[in-house]
2 protein chains.
Amino acid sequence: MTRVHNFSAGPAVLPESVLLEVQKELVDWRGAGLSVMEMSHRSKEYQSIIDDAMDTLKRIIGCGDDFDVLFLGGGASLQFLMLPLNFCPADKVANYIDTGAWSTKALKEAAISGKQMHIAASSKDKEFTYIPKSYQLSENPAYLHITTNNTIRGTEYMKIPEVPADVPLVADMSSNFLSRPYDFSKFSLIYAGAQKNVGPAGVTIVLIRKDYQEKLLGNIPTMLNYKTHLDKGSMFNTPPTFPIYVVGKVLHWIEDFGGLKEMEKHNIEKASYLYDVFDNTSFYKGTVVPEDRSLMNIPFRLPTEELEAKFIAEAKANRMNNLKGHRSVGGCRASLYNSLPIESAKALNSFMKEFEKKNS
Amino acid sequence: MTRVHNFSAGPAVLPESVLLEVQKELVDWRGAGLSVMEMSHRSKEYQSIIDDAMDTLKRIIGCGDDFDVLFLGGGASLQFLMLPLNFCPADKVANYIDTGAWSTKALKEAAISGKQMHIAASSKDKEFTYIPKSYQLSENPAYLHITTNNTIRGTEYMKIPEVPADVPLVADMSSNFLSRPYDFSKFSLIYAGAQKNVGPAGVTIVLIRKDYQEKLLGNIPTMLNYKTHLDKGSMFNTPPTFPIYVVGKVLHWIEDFGGLKEMEKHNIEKASYLYDVFDNTSFYKGTVVPEDRSLMNIPFRLPTEELEAKFIAEAKANRMNNLKGHRSVGGCRASLYNSLPIESAKALNSFMKEFEKKNS
């Protein structure tokens with residue numbers, strides 16, 4: 001079996017060792033006589049799986065017991081709604097930094113849910129090709145929300161913005177979660193869809209600081225209320241049991257890799273195979289300002305749309321998948337999440353150089 | 001490998017043939033060089049998987065194109081909220097028949113979401129041990145909601161209630177979905193968590209009649225709005241891709257089994273191995289009225305709680321898992337979903353007879 005080089009923006013490549021383990025255990029989990037998919041979520045066996053996933057995550061981010069971990073269904077898009085419902089009271093204002101399509105959806109949902117909303121900064125003026133370096137909070141901010149990596153535009157926060165001590169910082173980390181050692185202690189709430197860096201689609205990880213939980217609001221529909229899920233350890237209703245099990249294995253893989261510092265080195269090295277190409281040719285053009293270049297999602301353009309289509313097709317013929325840019329922006333994009341092997345980045349680097357020679 | 005006899009109420013047993021297929025394809029789906037878990041939901045390959053699952057479901061229920069199929073995250077519990085938000089206008093009343101814990105949660109959520117709610121019938125007077133045979137609608141009913149099978153109490157609708165032509169009938173079919181040939185044409189909306197009869201946890205199936213979609217309301221948060229998901233074929237955001245893939249395989253298994261009529265025969269036969277025991281001894285007592293006995297979930301009591309604990313423990317030692325009743329009602333319960341083999345029901349029958357001999 002030859003694995004493809006999978007540059008998908010998500011769902012995305014997973015570590016081959018994790019897939020092999022999942023395959024081995026699929027019909028009969030460790031001699032239990034059943035698949036993880038067939039386990040009651042109330043069984044001791046499954047409880048050990050979800051507990052282990054939560055504990056491994058806490059070790060990786062080094063937060064001790066400062067945060068509670070939730071594994072929820074519905075996607076990060078549902079968090080766009082749950083966040084303001086749970087944490088923005090009527091007399092306060094939900095603040096957002098708008099850095100692209102997903103931030104925009106998040107802030108729109110705060111408004112749709114009837115909350116006061118304020119855009120504290122935006123890079124819309126230059127088509128979201130940079131990360132704003134300053135921001136202006138509203139009066140009475142409930143929180144400041146950032147999107148730490150922008151999957152479509154390919155920008156990423158290298159440094160987390162400073163916030164006043166009384167303003168909770170909240171982040172959608174879906175597309176760079178556990179890819180670098182951010183100072184997690186600065187955040188009050190973090191959420192991330194699993195399907196980029198830490199697992200298959202179908203589960204969203206939410207981390208809520210214990211002291212921030214004191215600010216949880218009431219009168220919220222049951223399933224949208226964080227308290228519902230916190231009180232029951234993500235077991236109020238049946239959680240997405242199998243995706244959580246796979247996430248647990250990816251978390252062990254990250255820990256065994258050496259944790260977030262080693263993961264960052266690995267991701268810097270992979271990204272360099274693309275950014276070095278951009279910096280040494282005018283055939284491929286990166287689309288964002290160099291200082292905010294994402295390690296995860298790297299959009300680029302070729303001289304013409306025809307060449308872009310040819311590039312994507314020839315790459316695919318060479319087993320390099322999913323290099324098409326997001327339909328809203330066009331062009332090309334390579335996503336280089338945690339699990340993408342160095343070899344895939346190297347292969348793309350060689351292919352790009354060769355393609356340039358033949359076509360310029 | 002010896003499979004356990006898995007009587008879990010959900011997540012529950014899956015067909016062994018499905019698990020073996022999933023295992024075979026896990027690392028490399030049909031030579032594509034990647035796992036289904038790693039596929040972009042926007043890829044042709046994944047689109048073929050979700051389309052096939054939707055088409056197979058429509059063939060099984062024989063609805064032609066009268067319904068649209070949604071595959072959503074968040075669990076059936078999220079549907080308790082989405083249903084009234086989308087289909088109960090301010091001047092109408094959401095009507096419910098209350099047949100146990102899950103119906104009760106559904107009707108409470110209608111009230112929590114600020115809608116007028118009316119309990120059209122209830123079997124609470126006798127601890128939900130029967131299905132009400134009549135009901136009284138409110139003025140201006142938006143819809144009538146029933147729970148076709150009650151997982152905890154073990155009652156099931158043998159016959160769907162007649163409703164006036166202008167009253168939409170809506171059902172939570174989570175625990176008997178595709179286990180018998182109901183007349184699906186009588187329903188306007190059906191929803192079911194997959195993790196009982198048709199797959200692993202993490203995906204909820206929602207069927208909405210095309211003509212009922214004309215009544216969809218507006219001003220609803222994005223992810224709670226059925227229109228969001230209908231307009232994008234369940235691909236507004238990343239759906240739970242792998243659970244949907246497994247559901248697709250279980251649907252093919254149901255179709256290959258002979259469809260819903262054959263499935264019903266199979267389920268009647270399995271349930272008879274328990275109900276015959278109840279009818280021929282006073283050692284085991286069923287807890288519901290005989291005419292409303294569920295084919296799916298069969299609760300029963302033994303003469304004492306001590307004997308119940310002993311029964312559950314000895315059954316487990318004999319590889320019969322998950323025979324403990326729901327924590328809210330105690331006693332014992334066997335769940336006999338579609339995928340449970342006849343052999344498991346026979347094994348339980350023999351064990352019950354033997355246990356009675358030794359302990360009475």
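Note that the structure is predicted; figures quoted are calculated from it, not measured. Note: hydrogens, waters and symmetry copies are ignored here, and every other heavy atom, side chains too, is used. Numbered from 1 within each chain, the chains take letters A, B, ... in sequence-line order.
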Roughly how far, to the nearest 0.5 Å, is [atom2] of [Y] from [atom1] of [X]?
| X | Y | atom1 | atom2 | result |
| --- | --- | --- | --- | --- |
| B/W102 | A/N237 | CH2 | CG | 7.0 Å |
| A/E25 | B/L26 | CD | CG | 11.0 Å |
| A/L34 | B/E16 | CG | CD | 11.5 Å |
| B/K105 | A/F236 | NZ | CZ | 4.0 Å |

Most heavy-atom pairs under 4.5 Å with chain B, out of A/M37, A/M223, A/Q23, belong to A/Q23

Among A/A9, A/A12, A/G73, A/G31, residue most engaged with chain B (heavy-atom pairs, under 4.5 Å):
A/A12

Heavy-atom side-chain proximity of B/P243 to A/P243 below 4.5 angstrom
yes

Check whether any side-chain heavy atom of B/H41 lies under 4.5 Å from a side-chain heavy atom of A/P11, and answer yes or no.
yes

Which portion of A/Q79 sits near chain B, non-hydrogen atoms under 4.5 angstrom
neither

After noting the C-alpha distance and the side-chain angles of A/N6 and B/M39, does the key distance pass the side chain to side chain contact (heavy atoms under 4.5 Å, CB included) rule?
CA-CA 9 Å; A/N6 187 354; B/M39 282 180 188; over 6 Å; no

Which of [options] touches chain A most, by non-hydrogen pairs under 4.5 Å:
| options | value |
| --- | --- |
| B/S40, B/P200, B/S35 | B/S40 |
| B/L81, B/N321, B/L72 | B/L81 |
| B/L78, B/T222, B/T241, B/I112 | B/T222 |
| B/S339, B/G202, B/P221 | B/P221 |

Go through the steps to decide whether A/E38 and B/S8 satisfy the test side-chain hydrogen bond (donor to acceptor under 3.5 Å, both in side chains), and finish with yes or no.
CA-CA 8 Å; A/E38 302 177 295; B/S8 173; over 6 Å; no

Is it the side chain or the backbone of [X] that comes within 4.5 Å of chain A heavy atoms, both, or neither?
| X | answer |
| --- | --- |
| B/L224 | side chain |
| B/A32 | backbone |
| B/V246 | side chain |

Atom NZ of A/K324 with >12 non-hydrogen neighbours under 6.0 angstrom
no

